[in-house]
Undergrad: 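Let me begin by handing over the structure; questions about it come next.
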2 protein chains.
Amino acid sequence: MEPRGQRSGRTGRPPRLSQEAILVAAQRILDTEGPERLSMRRLAREMSSTAMALYHHVQDKDELLLLLLDAHARRYPRPVLPSDPHTRLLASAQVLHDLLADCPWIAEVLSFDDFVSESALWIVENIVDAAVECGMALEDAVYAYRVIWHYTAGVLAIRAGRERVQARAERPEHREHALEFLDSVDFPRLNAVGRRWAGLTARDDHRKGLEAVVAGLLEQKAGSGAGETAAVAGAGAEAVRGCPCC
Amino acid sequence: MEPRGQRSGRTGRPPRLSQEAILVAAQRILDTEGPERLSMRRLAREMSSTAMALYHHVQDKDELLLLLLDAHARRYPRPVLPSDPHTRLLASAQVLHDLLADCPWIAEVLSFDDFVSESALWIVENIVDAAVECGMALEDAVYAYRVIWHYTAGVLAIRAGRERVQARAERPEHREHALEFLDSVDFPRLNAVGRRWAGLTARDDHRKGLEAVVAGLLEQKAGSGAGETAAVAGAGAEAVRGCPCC
DNA sequence: ACCTGAACACCGTTCAAGT
DNA sequence: ACCTGAACACCGTTCAAGT
(Lines give C-alpha, C1' and ligand atoms only; values in the text may rest on other atoms or scores of the structure.)
Protein backbone atom coordinates (compact mmCIF):
# COMPACT_ATOMS: atom_id res chain seq x y z
CA MET A 1 0.00 0.00 0.00
CA GLU A 2 2.52 2.64 1.12
CA PRO A 3 5.44 3.13 -1.22
CA ARG A 4 8.68 1.79 0.15
CA GLY A 5 10.49 4.88 -1.03
CA GLN A 6 9.34 7.12 1.80
CA ARG A 7 10.40 5.77 5.18
CA SER A 8 10.51 7.68 8.41
CA GLY A 9 13.57 6.18 10.13
CA ARG A 10 16.11 8.00 7.88
CA THR A 11 18.82 5.40 8.34
CA GLY A 12 21.23 4.13 5.71
CA ARG A 13 21.92 5.56 2.30
CA PRO A 14 19.26 7.89 0.87
CA PRO A 15 17.43 6.20 -2.00
CA ARG A 16 18.26 7.19 -5.57
CA LEU A 17 15.27 5.36 -6.98
CA SER A 18 11.64 5.58 -5.94
CA GLN A 19 8.47 3.85 -7.08
CA GLU A 20 7.24 7.20 -8.33
CA ALA A 21 10.32 7.78 -10.47
CA ILE A 22 10.28 4.20 -11.73
CA LEU A 23 6.68 4.51 -12.90
CA VAL A 24 7.43 7.79 -14.67
CA ALA A 25 10.41 6.29 -16.46
CA ALA A 26 8.43 3.18 -17.37
CA GLN A 27 5.63 5.28 -18.80
CA ARG A 28 8.17 7.19 -20.85
CA ILE A 29 9.49 3.98 -22.39
CA LEU A 30 5.93 2.82 -23.05
CA ASP A 31 5.12 6.05 -24.86
CA THR A 32 8.28 6.38 -26.88
CA GLU A 33 9.25 2.79 -27.66
CA GLY A 34 6.13 0.73 -27.18
CA PRO A 35 5.12 -1.91 -24.67
CA GLU A 36 7.25 -4.68 -26.17
CA ARG A 37 10.41 -2.74 -25.27
CA LEU A 38 9.60 -2.26 -21.61
CA SER A 39 11.81 -4.66 -19.68
CA MET A 40 13.34 -4.47 -16.25
CA ARG A 41 16.76 -4.14 -17.80
CA ARG A 42 15.72 -1.48 -20.29
CA LEU A 43 13.98 0.41 -17.50
CA ALA A 44 17.07 0.23 -15.29
CA ARG A 45 19.19 1.55 -18.14
CA GLU A 46 16.71 4.42 -18.58
CA MET A 47 17.31 5.30 -14.94
CA SER A 48 21.08 4.80 -15.08
CA SER A 49 20.73 2.02 -12.56
CA THR A 50 20.76 -1.75 -12.54
CA ALA A 51 17.83 -4.08 -13.05
CA MET A 52 18.22 -5.39 -9.53
CA ALA A 53 17.81 -2.02 -7.90
CA LEU A 54 14.26 -1.95 -9.23
CA TYR A 55 13.36 -4.98 -7.17
CA HIS A 56 13.72 -2.86 -4.05
CA HIS A 57 10.74 -0.80 -5.16
CA VAL A 58 8.50 -3.26 -6.99
CA GLN A 59 8.00 -6.94 -6.33
CA ASP A 60 8.28 -8.07 -9.92
CA LYS A 61 7.38 -7.05 -13.42
CA ASP A 62 3.73 -7.94 -13.00
CA GLU A 63 3.41 -5.59 -10.06
CA LEU A 64 5.09 -2.91 -12.10
CA LEU A 65 2.48 -3.27 -14.85
CA LEU A 66 -0.33 -3.24 -12.32
CA LEU A 67 1.05 -0.10 -10.71
CA LEU A 68 1.32 1.48 -14.13
CA LEU A 69 -2.32 0.66 -14.83
CA ASP A 70 -3.38 2.03 -11.48
CA ALA A 71 -1.44 5.26 -11.98
CA HIS A 72 -3.07 5.72 -15.36
CA ALA A 73 -6.52 5.14 -13.88
CA ARG A 74 -5.76 7.65 -11.13
CA ARG A 75 -4.79 10.30 -13.66
CA TYR A 76 -7.82 9.63 -15.83
CA PRO A 77 -10.43 12.40 -15.57
CA ARG A 78 -13.63 11.28 -13.95
CA PRO A 79 -16.45 12.29 -16.28
CA VAL A 80 -19.89 13.35 -15.12
CA LEU A 81 -22.09 10.38 -15.86
CA PRO A 82 -25.72 10.72 -16.94
CA SER A 83 -28.36 9.95 -14.33
CA ASP A 84 -30.65 7.89 -16.51
CA PRO A 85 -29.65 4.30 -15.67
CA HIS A 86 -29.62 2.86 -19.19
CA THR A 87 -27.59 5.76 -20.53
CA ARG A 88 -25.28 5.60 -17.55
CA LEU A 89 -24.72 1.88 -18.05
CA LEU A 90 -23.65 2.56 -21.60
CA ALA A 91 -21.59 5.61 -20.71
CA SER A 92 -19.69 3.98 -17.84
CA ALA A 93 -18.94 0.92 -19.96
CA GLN A 94 -17.61 3.31 -22.57
CA VAL A 95 -15.38 4.94 -19.96
CA LEU A 96 -14.03 1.52 -19.00
CA HIS A 97 -13.05 0.98 -22.60
CA ASP A 98 -11.65 4.45 -23.16
CA LEU A 99 -9.53 4.34 -20.03
CA LEU A 100 -7.96 1.04 -21.00
CA ALA A 101 -7.63 1.89 -24.67
CA ASP A 102 -4.68 4.11 -23.74
CA CYS A 103 -2.80 1.13 -22.29
CA PRO A 104 -1.56 -1.00 -25.17
CA TRP A 105 0.27 -3.25 -22.72
CA ILE A 106 -3.03 -4.05 -21.03
CA ALA A 107 -3.17 -7.39 -22.84
CA GLU A 108 -0.14 -8.59 -20.88
CA VAL A 109 -1.87 -7.98 -17.59
CA LEU A 110 -5.40 -9.01 -18.56
CA SER A 111 -7.33 -10.34 -15.65
CA PHE A 112 -5.00 -10.65 -12.83
CA ASP A 113 -8.33 -9.69 -11.38
CA ASP A 114 -11.84 -9.26 -12.58
CA PHE A 115 -12.09 -5.71 -11.30
CA VAL A 116 -9.58 -3.93 -13.40
CA SER A 117 -7.62 -1.91 -10.89
CA GLU A 118 -8.32 -0.22 -7.56
CA SER A 119 -8.33 3.26 -9.06
CA ALA A 120 -10.83 2.18 -11.70
CA LEU A 121 -13.27 0.56 -9.28
CA TRP A 122 -15.58 3.55 -9.45
CA ILE A 123 -16.32 2.52 -13.03
CA VAL A 124 -17.21 -1.01 -12.02
CA GLU A 125 -19.38 0.36 -9.23
CA ASN A 126 -21.16 2.61 -11.72
CA ILE A 127 -21.79 -0.19 -14.17
CA VAL A 128 -23.19 -2.51 -11.51
CA ASP A 129 -25.22 0.26 -9.95
CA ALA A 130 -26.68 1.40 -13.26
CA ALA A 131 -27.57 -2.19 -14.09
CA VAL A 132 -29.39 -2.54 -10.78
CA GLU A 133 -31.26 0.68 -11.40
CA CYS A 134 -32.22 -0.72 -14.78
CA GLY A 135 -34.12 -3.34 -12.82
CA MET A 136 -31.58 -6.15 -12.60
CA ALA A 137 -31.02 -8.23 -9.50
CA LEU A 138 -27.60 -7.59 -7.94
CA GLU A 139 -26.28 -10.97 -9.06
CA ASP A 140 -27.42 -10.35 -12.60
CA ALA A 141 -25.94 -6.87 -12.53
CA VAL A 142 -22.56 -8.28 -11.53
CA TYR A 143 -22.86 -10.83 -14.29
CA ALA A 144 -23.75 -8.06 -16.71
CA TYR A 145 -20.61 -6.23 -15.68
CA ARG A 146 -18.54 -9.28 -16.37
CA VAL A 147 -20.03 -9.76 -19.83
CA ILE A 148 -19.28 -6.12 -20.60
CA TRP A 149 -15.77 -6.59 -19.24
CA HIS A 150 -15.21 -9.68 -21.35
CA TYR A 151 -16.42 -7.93 -24.47
CA THR A 152 -14.22 -4.93 -23.75
CA ALA A 153 -11.22 -7.10 -22.97
CA GLY A 154 -11.69 -8.91 -26.26
CA VAL A 155 -11.80 -5.69 -28.24
CA LEU A 156 -8.66 -4.49 -26.47
CA ALA A 157 -6.77 -7.76 -26.75
CA ILE A 158 -7.44 -8.09 -30.44
CA ARG A 159 -6.55 -4.47 -31.07
CA ALA A 160 -3.31 -4.96 -29.13
CA GLY A 161 -2.57 -8.14 -31.06
CA ARG A 162 -3.01 -6.38 -34.35
CA GLU A 163 -0.82 -3.48 -33.31
CA ARG A 164 1.81 -5.91 -32.10
CA VAL A 165 1.93 -7.64 -35.48
CA GLN A 166 1.95 -4.37 -37.38
CA ALA A 167 4.69 -2.91 -35.21
CA ARG A 168 6.97 -5.88 -35.63
CA ALA A 169 6.60 -6.25 -39.36
CA GLU A 170 5.79 -3.29 -41.56
CA ARG A 171 4.09 -5.41 -44.17
CA PRO A 172 0.55 -4.50 -45.21
CA GLU A 173 0.74 -7.26 -47.83
CA HIS A 174 -0.13 -9.57 -44.96
CA ARG A 175 -3.57 -8.00 -44.74
CA GLU A 176 -3.79 -7.87 -48.53
CA HIS A 177 -3.18 -11.57 -48.72
CA ALA A 178 -5.75 -12.23 -46.03
CA LEU A 179 -8.41 -10.38 -47.99
CA GLU A 180 -7.66 -12.01 -51.33
CA PHE A 181 -7.83 -15.24 -49.45
CA LEU A 182 -11.41 -14.45 -48.40
CA ASP A 183 -12.34 -14.29 -52.09
CA SER A 184 -10.75 -17.62 -52.90
CA VAL A 185 -12.31 -19.64 -50.14
CA ASP A 186 -15.43 -21.73 -50.63
CA PHE A 187 -17.97 -20.10 -48.31
CA PRO A 188 -20.73 -18.08 -50.01
CA ARG A 189 -21.23 -15.53 -47.25
CA LEU A 190 -17.54 -14.85 -46.79
CA ASN A 191 -17.03 -14.58 -50.56
CA ALA A 192 -19.81 -12.03 -50.68
CA VAL A 193 -18.19 -10.02 -47.92
CA GLY A 194 -14.77 -10.18 -49.53
CA ARG A 195 -12.82 -6.98 -49.45
CA ARG A 196 -15.48 -5.14 -47.52
CA TRP A 197 -14.12 -6.89 -44.45
CA ALA A 198 -11.25 -4.42 -44.35
CA GLY A 199 -13.48 -1.40 -43.83
CA LEU A 200 -14.81 -2.91 -40.63
CA THR A 201 -11.49 -2.87 -38.84
CA ALA A 202 -11.98 0.65 -37.55
CA ARG A 203 -10.59 1.85 -34.28
CA ASP A 204 -14.09 2.58 -32.95
CA ASP A 205 -15.24 -0.96 -33.37
CA HIS A 206 -16.27 -1.00 -29.83
CA ARG A 207 -19.25 1.29 -29.52
CA LYS A 208 -21.99 -0.28 -31.63
CA GLY A 209 -21.18 -3.72 -30.27
CA LEU A 210 -21.33 -2.38 -26.76
CA GLU A 211 -24.81 -1.04 -27.40
CA ALA A 212 -25.90 -4.45 -28.62
CA VAL A 213 -24.35 -6.18 -25.62
CA VAL A 214 -26.02 -3.83 -23.17
CA ALA A 215 -29.36 -4.12 -24.96
CA GLY A 216 -29.10 -7.90 -24.85
CA LEU A 217 -28.26 -7.94 -21.16
CA LEU A 218 -31.24 -5.74 -20.35
CA GLU A 219 -33.51 -7.84 -22.48
CA GLN A 220 -32.27 -10.97 -20.79
CA LYS A 221 -33.07 -9.72 -17.29
CA ALA A 222 -36.64 -9.04 -18.45
CA GLY A 223 -37.07 -12.65 -19.57
CA SER A 224 -35.46 -14.38 -16.59
CA GLY A 225 -38.38 -15.70 -14.55
CA ALA A 226 -37.62 -19.18 -13.22
CA GLY A 227 -34.42 -21.14 -13.91
CA GLU A 228 -34.72 -20.82 -17.66
CA THR A 229 -31.04 -20.25 -18.19
CA ALA A 230 -30.26 -23.64 -16.67
CA ALA A 231 -32.51 -25.29 -19.24
CA VAL A 232 -30.64 -23.84 -22.21
CA ALA A 233 -27.27 -25.29 -21.27
CA GLY A 234 -27.05 -27.73 -24.21
CA ALA A 235 -25.12 -26.71 -27.30
CA GLY A 236 -27.64 -26.67 -30.08
CA ALA A 237 -31.20 -27.54 -29.09
CA GLU A 238 -32.67 -24.76 -26.98
CA ALA A 239 -35.82 -22.86 -27.73
CA VAL A 240 -35.81 -19.33 -29.06
CA ARG A 241 -37.15 -16.92 -26.47
CA GLY A 242 -39.45 -14.33 -27.97
CA CYS A 243 -39.40 -10.67 -27.13
CA PRO A 244 -40.45 -10.50 -23.47
CA CYS A 245 -42.68 -7.47 -23.78
CA CYS A 246 -44.97 -8.55 -26.63
CA MET B 1 0.54 -24.01 -48.44
CA GLU B 2 2.28 -27.30 -49.23
CA PRO B 3 4.49 -28.59 -46.42
CA ARG B 4 8.14 -28.32 -47.16
CA GLY B 5 8.69 -31.79 -45.78
CA GLN B 6 7.45 -33.66 -48.83
CA ARG B 7 9.42 -32.81 -51.91
CA SER B 8 9.50 -34.75 -55.13
CA GLY B 9 13.10 -34.25 -56.29
CA ARG B 10 14.58 -36.67 -53.71
CA THR B 11 17.96 -34.98 -53.65
CA GLY B 12 20.15 -34.38 -50.62
CA ARG B 13 19.86 -35.88 -47.19
CA PRO B 14 16.45 -37.33 -46.28
CA PRO B 15 14.75 -35.09 -43.70
CA ARG B 16 14.69 -36.17 -40.08
CA LEU B 17 12.15 -33.52 -39.13
CA SER B 18 8.83 -32.71 -40.75
CA GLN B 19 6.15 -30.12 -40.09
CA GLU B 20 3.84 -32.96 -39.13
CA ALA B 21 6.24 -34.33 -36.54
CA ILE B 22 7.02 -30.86 -35.22
CA LEU B 23 3.35 -30.11 -34.66
CA VAL B 24 2.84 -33.41 -32.86
CA ALA B 25 5.80 -32.78 -30.57
CA ALA B 26 4.68 -29.22 -29.93
CA GLN B 27 1.19 -30.38 -29.02
CA ARG B 28 2.72 -32.90 -26.62
CA ILE B 29 4.64 -30.15 -24.82
CA LEU B 30 1.50 -28.01 -24.72
CA ASP B 31 -0.47 -30.83 -23.15
CA THR B 32 2.10 -32.00 -20.64
CA GLU B 33 3.91 -28.82 -19.63
CA GLY B 34 1.62 -25.97 -20.58
CA PRO B 35 1.84 -23.20 -23.15
CA GLU B 36 4.41 -21.13 -21.25
CA ARG B 37 6.98 -23.92 -21.69
CA LEU B 38 6.67 -24.22 -25.44
CA SER B 39 9.74 -22.61 -26.94
CA MET B 40 11.69 -23.30 -30.08
CA ARG B 41 14.59 -24.58 -27.99
CA ARG B 42 12.43 -26.78 -25.77
CA LEU B 43 10.70 -28.15 -28.86
CA ALA B 44 14.01 -28.91 -30.54
CA ARG B 45 15.18 -30.73 -27.42
CA GLU B 46 11.94 -32.76 -27.44
CA MET B 47 12.83 -33.86 -30.96
CA SER B 48 16.52 -34.43 -30.21
CA SER B 49 17.38 -31.75 -32.68
CA THR B 50 18.49 -28.14 -32.62
CA ALA B 51 16.32 -25.05 -32.52
CA MET B 52 17.64 -23.99 -35.89
CA ALA B 53 16.55 -27.16 -37.64
CA LEU B 54 12.94 -26.17 -36.92
CA TYR B 55 13.30 -23.06 -39.04
CA HIS B 56 13.52 -25.28 -42.10
CA HIS B 57 9.95 -26.38 -41.52
CA VAL B 58 8.24 -23.33 -40.03
CA GLN B 59 8.93 -19.67 -40.68
CA ASP B 60 8.95 -18.58 -37.06
CA LYS B 61 7.24 -19.21 -33.76
CA ASP B 62 4.10 -17.33 -34.75
CA GLU B 63 3.62 -19.57 -37.76
CA LEU B 64 4.11 -22.57 -35.53
CA LEU B 65 1.30 -21.41 -33.24
CA LEU B 66 -0.96 -20.67 -36.18
CA LEU B 67 -0.30 -24.12 -37.62
CA LEU B 68 -1.05 -25.63 -34.23
CA LEU B 69 -4.37 -23.79 -34.11
CA ASP B 70 -5.21 -24.87 -37.62
CA ALA B 71 -4.39 -28.51 -36.90
CA HIS B 72 -6.59 -28.40 -33.83
CA ALA B 73 -9.45 -26.88 -35.83
CA ARG B 74 -9.01 -29.59 -38.48
CA ARG B 75 -9.26 -32.35 -35.90
CA TYR B 76 -12.27 -30.77 -34.22
CA PRO B 77 -15.49 -32.71 -34.96
CA ARG B 78 -17.95 -30.74 -37.06
CA PRO B 79 -21.26 -30.85 -35.22
CA VAL B 80 -24.64 -30.91 -36.92
CA LEU B 81 -25.99 -27.41 -36.46
CA PRO B 82 -29.69 -26.68 -36.00
CA SER B 83 -31.51 -25.23 -38.98
CA ASP B 84 -33.47 -22.54 -37.15
CA PRO B 85 -31.35 -19.42 -37.72
CA HIS B 86 -31.46 -17.97 -34.22
CA THR B 87 -30.59 -21.30 -32.64
CA ARG B 88 -27.88 -21.88 -35.21
CA LEU B 89 -26.38 -18.46 -34.55
CA LEU B 90 -26.12 -19.32 -30.88
CA ALA B 91 -24.90 -22.86 -31.50
CA SER B 92 -22.20 -21.91 -33.99
CA ALA B 93 -20.94 -19.15 -31.71
CA GLN B 94 -20.77 -21.74 -28.98
CA VAL B 95 -18.73 -24.02 -31.23
CA LEU B 96 -16.32 -21.15 -31.89
CA HIS B 97 -15.81 -20.83 -28.17
CA ASP B 98 -15.56 -24.54 -27.48
CA LEU B 99 -13.04 -25.12 -30.21
CA LEU B 100 -10.76 -22.37 -28.93
CA ALA B 101 -11.27 -23.21 -25.27
CA ASP B 102 -8.97 -26.19 -25.78
CA CYS B 103 -6.12 -23.90 -26.84
CA PRO B 104 -4.80 -22.14 -23.75
CA TRP B 105 -2.04 -20.58 -25.83
CA ILE B 106 -4.65 -18.90 -28.01
CA ALA B 107 -4.12 -15.62 -26.18
CA GLU B 108 -0.60 -15.40 -27.60
CA VAL B 109 -1.88 -15.57 -31.12
CA LEU B 110 -5.09 -13.57 -30.72
CA SER B 111 -6.07 -11.80 -33.88
CA PHE B 112 -3.34 -12.25 -36.30
CA ASP B 113 -6.52 -12.27 -38.26
CA ASP B 114 -10.16 -11.60 -37.66
CA PHE B 115 -11.22 -14.97 -39.01
CA VAL B 116 -9.70 -17.36 -36.59
CA SER B 117 -8.01 -19.89 -38.80
CA GLU B 118 -8.62 -21.39 -42.23
CA SER B 119 -9.86 -24.68 -40.84
CA ALA B 120 -12.34 -22.89 -38.61
CA LEU B 121 -13.79 -20.69 -41.34
CA TRP B 122 -16.86 -22.89 -41.61
CA ILE B 123 -17.83 -21.60 -38.18
CA VAL B 124 -17.50 -17.99 -39.23
CA GLU B 125 -19.51 -18.73 -42.35
CA ASN B 126 -22.22 -20.33 -40.23
CA ILE B 127 -22.40 -17.40 -37.84
CA VAL B 128 -22.63 -14.85 -40.64
CA ASP B 129 -25.11 -16.97 -42.58
CA ALA B 130 -27.34 -17.55 -39.56
CA ALA B 131 -27.29 -13.83 -38.80
CA VAL B 132 -28.37 -13.05 -42.36
CA GLU B 133 -31.16 -15.61 -42.12
CA CYS B 134 -32.21 -13.90 -38.91
CA GLY B 135 -32.94 -10.89 -41.07
CA MET B 136 -29.71 -8.94 -40.84
CA ALA B 137 -28.08 -7.19 -43.75
CA LEU B 138 -24.79 -8.81 -44.76
CA GLU B 139 -22.76 -5.92 -43.38
CA ASP B 140 -24.56 -6.09 -40.08
CA ALA B 141 -24.13 -9.84 -39.99
CA VAL B 142 -20.39 -9.50 -40.39
CA TYR B 143 -20.37 -6.91 -37.67
CA ALA B 144 -22.40 -9.24 -35.47
CA TYR B 145 -19.79 -11.93 -36.03
CA ARG B 146 -17.08 -9.57 -34.97
CA VAL B 147 -18.90 -8.60 -31.77
CA ILE B 148 -19.34 -12.29 -30.97
CA TRP B 149 -15.68 -12.89 -31.75
CA HIS B 150 -14.59 -10.03 -29.52
CA TYR B 151 -16.73 -11.28 -26.67
CA THR B 152 -15.41 -14.81 -27.10
CA ALA B 153 -11.82 -13.61 -27.34
CA GLY B 154 -12.26 -11.66 -24.12
CA VAL B 155 -13.60 -14.67 -22.26
CA LEU B 156 -10.70 -16.76 -23.54
CA ALA B 157 -8.02 -14.15 -22.88
CA ILE B 158 -9.15 -13.58 -19.34
CA ARG B 159 -9.44 -17.27 -18.66
CA ALA B 160 -5.93 -17.77 -20.05
CA GLY B 161 -4.63 -14.91 -17.95
CA ARG B 162 -6.08 -16.40 -14.81
CA GLU B 163 -4.65 -19.82 -15.58
CA ARG B 164 -1.29 -18.27 -16.29
CA VAL B 165 -1.21 -16.57 -12.90
CA GLN B 166 -2.41 -19.66 -11.10
CA ALA B 167 0.10 -21.89 -12.84
CA ARG B 168 3.04 -19.69 -11.97
CA ALA B 169 2.21 -19.10 -8.34
CA GLU B 170 0.28 -21.67 -6.36
CA ARG B 171 -1.16 -19.11 -4.00
CA PRO B 172 -4.92 -18.95 -3.58
CA GLU B 173 -4.38 -16.30 -0.90
CA HIS B 174 -4.09 -13.92 -3.81
CA ARG B 175 -7.74 -14.42 -4.61
CA GLU B 176 -8.60 -14.40 -0.90
CA HIS B 177 -7.00 -11.03 -0.54
CA ALA B 178 -8.82 -9.73 -3.57
CA LEU B 179 -12.18 -10.67 -2.08
CA GLU B 180 -11.54 -9.25 1.36
CA PHE B 181 -10.48 -6.15 -0.45
CA LEU B 182 -13.91 -5.93 -2.08
CA ASP B 183 -15.44 -5.72 1.41
CA SER B 184 -13.10 -2.97 2.54
CA VAL B 185 -13.57 -0.65 -0.39
CA ASP B 186 -15.99 2.25 -0.36
CA PHE B 187 -18.47 1.36 -3.09
CA PRO B 188 -21.92 0.26 -1.90
CA ARG B 189 -22.71 -2.10 -4.76
CA LEU B 190 -19.35 -3.82 -4.65
CA ASN B 191 -19.52 -4.15 -0.86
CA ALA B 192 -22.90 -5.80 -1.22
CA VAL B 193 -21.52 -8.25 -3.74
CA GLY B 194 -18.49 -9.03 -1.59
CA ARG B 195 -17.56 -12.66 -1.45
CA ARG B 196 -20.28 -13.73 -3.83
CA TRP B 197 -18.04 -12.51 -6.60
CA ALA B 198 -15.99 -15.67 -6.34
CA GLY B 199 -18.86 -17.97 -7.28
CA LEU B 200 -19.21 -16.20 -10.59
CA THR B 201 -15.79 -17.21 -11.84
CA ALA B 202 -17.03 -20.46 -13.26
CA ARG B 203 -15.57 -22.07 -16.33
CA ASP B 204 -18.89 -21.80 -18.19
CA ASP B 205 -19.06 -18.05 -17.86
CA HIS B 206 -19.43 -17.83 -21.51
CA ARG B 207 -22.86 -19.18 -22.34
CA LYS B 208 -25.31 -16.86 -20.66
CA GLY B 209 -23.35 -13.83 -21.78
CA LEU B 210 -23.34 -15.15 -25.32
CA GLU B 211 -27.11 -15.41 -25.26
CA ALA B 212 -27.35 -11.80 -24.15
CA VAL B 213 -24.90 -10.68 -26.83
CA VAL B 214 -26.78 -12.50 -29.56
CA ALA B 215 -30.13 -11.21 -28.32
CA GLY B 216 -28.78 -7.68 -28.28
CA LEU B 217 -27.40 -7.96 -31.80
CA LEU B 218 -30.71 -9.24 -33.13
CA GLU B 219 -32.60 -6.52 -31.33
CA GLN B 220 -30.25 -3.91 -32.75
CA LYS B 221 -30.85 -4.96 -36.34
CA ALA B 222 -34.58 -4.63 -35.79
CA GLY B 223 -34.16 -1.03 -34.65
CA SER B 224 -31.70 0.12 -37.33
CA GLY B 225 -33.79 2.11 -39.75
CA ALA B 226 -31.91 5.21 -40.85
CA GLY B 227 -28.46 6.26 -39.62
CA GLU B 228 -29.43 6.06 -35.99
CA THR B 229 -26.18 4.46 -34.91
CA ALA B 230 -24.23 7.42 -36.21
CA ALA B 231 -26.29 9.73 -34.02
CA VAL B 232 -25.42 7.89 -30.81
CA ALA B 233 -21.67 8.25 -31.18
CA GLY B 234 -21.20 10.64 -28.23
CA ALA B 235 -20.07 9.22 -24.93
CA GLY B 236 -22.86 10.02 -22.52
CA ALA B 237 -25.85 11.79 -24.02
CA GLU B 238 -27.69 9.47 -26.39
CA ALA B 239 -31.35 8.63 -26.19
CA VAL B 240 -32.56 5.29 -24.92
CA ARG B 241 -34.09 3.31 -27.73
CA GLY B 242 -37.25 1.55 -26.70
CA CYS B 243 -38.09 -2.03 -27.61
CA PRO B 244 -38.53 -1.95 -31.39
CA CYS B 245 -41.58 -4.18 -31.51
CA CYS B 246 -43.88 -2.43 -29.05
C1' DA C 1 18.42 0.35 3.65
C1' DC C 2 19.74 0.65 -0.74
C1' DC C 3 22.39 -0.68 -4.50
C1' DT C 4 25.87 -3.44 -7.52
C1' DG C 5 27.98 -7.37 -10.26
C1' DA C 6 28.00 -11.70 -11.43
C1' DA C 7 25.48 -15.53 -12.35
C1' DC C 8 21.45 -18.76 -13.49
C1' DA C 9 18.39 -20.30 -16.57
C1' DC C 10 16.31 -19.09 -20.13
C1' DC C 11 14.41 -16.63 -24.93
C1' DG C 12 13.89 -16.01 -30.73
C1' DT C 13 16.65 -15.63 -34.56
C1' DT C 14 20.82 -15.11 -37.88
C1' DC C 15 24.72 -16.78 -40.10
C1' DA C 16 28.46 -19.57 -41.78
C1' DA C 17 29.67 -24.01 -42.11
C1' DG C 18 29.10 -28.90 -42.67
C1' DT C 19 27.11 -33.40 -45.09
C1' DA D 1 18.22 -29.92 -49.01
C1' DC D 2 18.72 -30.45 -44.45
C1' DC D 3 21.00 -29.85 -40.30
C1' DT D 4 24.60 -28.15 -36.71
C1' DG D 5 27.30 -24.93 -33.59
C1' DA D 6 28.38 -20.77 -32.34
C1' DA D 7 26.93 -16.34 -31.75
C1' DC D 8 23.87 -12.07 -31.18
C1' DA D 9 20.95 -9.63 -28.58
C1' DC D 10 18.07 -10.14 -25.42
C1' DC D 11 14.82 -11.81 -21.04
C1' DG D 12 13.23 -12.10 -15.44
C1' DT D 13 15.11 -13.18 -11.23
C1' DT D 14 18.35 -14.80 -7.29
C1' DC D 15 22.18 -14.28 -4.45
C1' DA D 16 26.26 -12.64 -2.13
C1' DA D 17 28.63 -8.75 -1.51
C1' DG D 18 29.38 -3.89 -0.91
C1' DT D 19 28.43 1.08 1.26
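Chain letters run A, B, ... following the sequence lines, proteins first, then strands; residues in each count from 1. What you see is a predicted model; the values in this text were computed from it and never measured.
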Undergrad: For a quick check, tell me whether the side chain of B:H56 and the base of D:dC3 share a donor-acceptor pair closer than 3.5 Å.
TA: yes

Undergrad: Evaluate whether atom CG of A:D31 has more than 12 neighbouring non-hydrogen atoms of other residues, nucleotides or ligands under 6.0 angstrom away.
TA: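 Atom CG in A:D31 is packed in, count exceeds 12.
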
Undergrad: Whether A:S39 contacts D:dC11 is assessed here as follows: a side-chain N or O lying under 4.0 Å from the phosphate OP1 or OP2. Is that the case?
TA: yes

Undergrad: Could you give the CZ-to-P distance, from B:R41 to D:dA6, as a whole number of Å?
TA: 13 Å

Undergrad: Quick one: B:Q59 CD to C:dG12 P, roughly how many Å, whole number?
TA: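 Answer to the nearest Å: 16 Å.
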
Undergrad: Return the value, rounded to whole Å, for the distance between atom CE of A:M40 and atom C1' of D:dA9.
TA: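 In whole Å, D:dA9 C1' and A:M40 CE are 19 Å from each other.
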
Undergrad: Rounding to an integer number of Å, can you tell me how far A:M52 CE sits from D:dC15 P?
TA: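 Atom-to-atom, A:M52 to D:dC15, this comes out as 12 Å.
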
Undergrad: Going by purine N1 to pyrimidine N3 plus the second Watson-Crick contact, or the G-U wobble pair, all under 3.5 Å, which nucleotide sits opposite C:dC11?
TA: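 Pairing partner, where one exists within any strand: none, as none qualifies.
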
Undergrad: Please round to the nearest 0.5 Å and tell me the distance separating atom CG of B:L190 and atom OH of A:Y145.
TA: 9.0 Å

Undergrad: Give a yes or no on this: more than 12 heavy atoms of other residues, nucleotides or ligands lie within 6.0 Å of atom CD of A:E36.
TA: yes

Undergrad: Quick one: B:R16 CZ to D:dC2 P, roughly how many Å, whole number?
TA: 13 Å

Undergrad: Less than 4.0 angstrom between a side-chain N/O of A:H57 and OP1 or OP2 of C:dC2, yes or no?
TA: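 Indeed not, no polar side-chain atom of A:H57 lies that close.
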
Undergrad: Separation of B:I29 atom CD1 from C:dC10 atom P, in whole Å?
TA: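 These atoms are roughly 13 Å apart.
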
Undergrad: Between A:A53 and B:R37, which is nearer to the 5' end of DNA chain C once each is assigned its nearest nucleotide?
TA: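 Nearer the 5' end of the strand: A:A53.
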
Undergrad: Which whole-number value in Å describes the distance from B:L17 CG to D:dA1 P?
TA: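 So the two atoms are 17 Å apart, to the nearest Å.
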
Undergrad: Can you check whether B:V95 reaches B:P79 side chain to side chain, under 4.5 Å on heavy atoms?
TA: yes

Undergrad: Roughly how many Å is it from NZ in B:K61 to P in C:dC10, rounded to a whole number?
TA: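 After rounding, the gap between these two atoms is 14 Å.
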
Undergrad: Could you tell me which nucleotide pairs with D:dA17 by Watson-Crick or G-U wobble geometry, both distances under 3.5 Å, or answer none if nothing does?
TA: none

Undergrad: Do the side chains of A:E33 and A:R42 get close enough for a salt bridge, i.e. N-O under 4.0 angstrom?
TA: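 Answer for the salt bridge query: yes.
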
Undergrad: Does A:S49 have a side-chain nitrogen or oxygen under 4.0 Å from the phosphate oxygens OP1 or OP2 of C:dC3?
TA: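 No.
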
